[in-house]
Amino acid sequence: MLSGLPVRIAVTALAVTGLLAAAPSTPTTPRVPAAASASAAGSPSSGVAVKMPASVADRLGTDRKALVDAVSADVLSRARGTGGLAPATAVGKLAAEGRKVVVDVRTVTRDWARGVAYVEASRARHGAPEGWLYLAHRENGRWVSGLEGDPEFAAHVAGSPLVGAAERRTMAAYAERAAAPRTRMPAPEAHEAQVSPAGARANTNGLLLPWMPDHHMTLTGGPHTHDGATGHWSALDFAGGNAGGLVRSSREGTATSMCGAGGGWTRVIHPGGFSTDYYHMRNATYYNGTSIARSALLGGIGTDTCAGGSATGPHVHWSLRTYDAGYNGQYTWLNGRTIGGWAWWNGSGQYSGCGTRLGVTACPGTALYNRTG
């Protein structure tokens, strides 16, 4: 499930370090100046919330509006329900749905920038945010931005000095992963892609559930869509147990705090062809394309809603993602796949599915151990 507190608009001083980033220091400015926020009518970033450390704003100077415009235009072309709309119309439509657009500029060099952009989920109903990593390059005096899934993003990953060698290898392996064989369910659930169990079991590359191995949490929600509405049933919810309420990475990889410092949404890109999202965490560790180990601490189970949605109680909303060859990250199917030693299966409806292991079935309300084999 996803949740609802006001998004953090504070401008945070973030380290400009490329692959590895230290925790941010105390905020130095409340917000990018109005000129940089592009409030002029017709600008792609008009009405878009901007996060930018003072050091980054100073480095960009008057060029920051052009960068934010470029990223905002990409976001508005990709957000659900805004395709083909003019920027002002798209922002207005999202605002009417209670969905704010946020562009977070985190690191820059002379001609490169990287950060995170997302569209909040509505705080008036259950849902999930949409979020992307982005890279931008200044070419012939203009910024060329690429979100995950854009051809520009793939090209920028290969050449940007803001992507370290380890992160580049991880992203490339993620993007080049071949999908396991799939079949389709008969109606009425034909929209929900399934997998052949043999192909799925053999190809999850040792992903764990989001806490320490050989400890347990309680399954509070079986396979469901990331946003609780449409798409692949990619998500699981967990709470309680003897793991101290601590949320940990399902495998090594590179981690990014999607909402910035203090926000409870983290994405980890793993080298084996998958990435994982973790939402609603409290006391989340800040990461910015940072290389982390398996079971690295991400935060604690909570009710944080830094990017919208809702939470009915402390838990972690864990989602499975994969890339295609174009670096297009998508939430993907769980059905038949083995995570943390448990094979996961869809139920008759969202949230009702269960895990199986060695003849044991764990359905919502059941405590289950996180196993490495």
Chemist: Considering only residues two or more places apart or on different chains, which pairs with a residue in residues 157-166 satisfy side-chain hydrogen bond (donor to acceptor under 3.5 Å, both in side chains)?
Modeler: none

Chemist: How about L298 and Y287: do any of their side-chain heavy atoms sit closer than 4.5 Å?
Modeler: yes

Chemist: So, for D69 and P44, which heavy atoms are closest and what is the spacing to 0.1 Å?
Modeler: O-CB, 3.5 Å

Chemist: Just checking R142: does its CZ atom have more than 12 heavy atoms from other residues, nucleotides or ligands closer to it than 6.0 angstrom?
Modeler: no

Chemist: Heavy-atom distance under 4.5 Å between the side chains of L147 and L133, does that happen here?
Modeler: no

Chemist: Answer yes or no on whether R114 is positioned over the face of W112, meaning its NZ or CZ is under 6.0 Å from the six-membered ring centre and within 45° of the axis.
Modeler: no

Chemist: Among side-chain atoms of S250 and H270, is any donor-acceptor pair under 3.5 angstrom?
Modeler: no

Chemist: Quick check on side-chain hydrogen bond (donor to acceptor under 3.5 Å, both in side chains): which of D277, T254, T256 does R267 satisfy it with?
Modeler: D277

Chemist: Could you note down all residue pairs passing side-chain hydrogen bond (donor to acceptor under 3.5 Å, both in side chains) where residues 208-219 supplies at least one of them, sequence neighbours left out?
Modeler: D214-R371

Chemist: Following the transitive rule for hydrophobic clusters with a side-chain heavy-atom cut-off under 4.5 Å over Ile, Leu, Val, Met, Phe, Trp and Tyr, establish whether Y369 and L246 coincide in one cluster.
Modeler: no

Chemist: Do the rings of Y118 and W265 sit parallel, tilted or perpendicular, given the 30° and 60° boundaries?
Modeler: perpendicular

Chemist: When you compare the side chain of R106 with that of V56, does any pair of heavy atoms fall below 4.5 Å?
Modeler: no

Chemist: Contact between H317 and H226 at the side-chain level, heavy atoms closer than 4.5 Å - yes or no?
Modeler: yes

Chemist: Quick check on side chain to side chain contact (heavy atoms under 4.5 Å, CB included): which of W345, F274, W342, W344 does R337 satisfy it with?
Modeler: F274

Chemist: If we only count heavy atoms from C-beta on, is the L67 to V103 side-chain gap below 4.5 Å?
Modeler: no

Chemist: Of all heavy-atom pairs between T266 and M281, which one has the smallest distance, and what is that distance?
Modeler: OG1-CE, 3.4 Å

Chemist: Show your reasoning for whether salt bridge (Lys or Arg N to Asp or Glu O under 4.0 Å) applies to D74 and R78.
Modeler: CA-CA 6 Å; D74 278 355; R78 294 279 298 278; over 6 Å; no

Chemist: Heavy atoms only: give me the nearest L208-I339 pair and the separation to one decimal.
Modeler: O-CG2, 3.6 Å

Chemist: Does some side-chain heavy atom of R321 sit less than 4.5 Å from a side-chain heavy atom of T332?
Modeler: no

Chemist: Could you tell me if the side chain of Y279 sits less than 4.5 Å from the side chain of S319, heavy atoms only?
Modeler: no

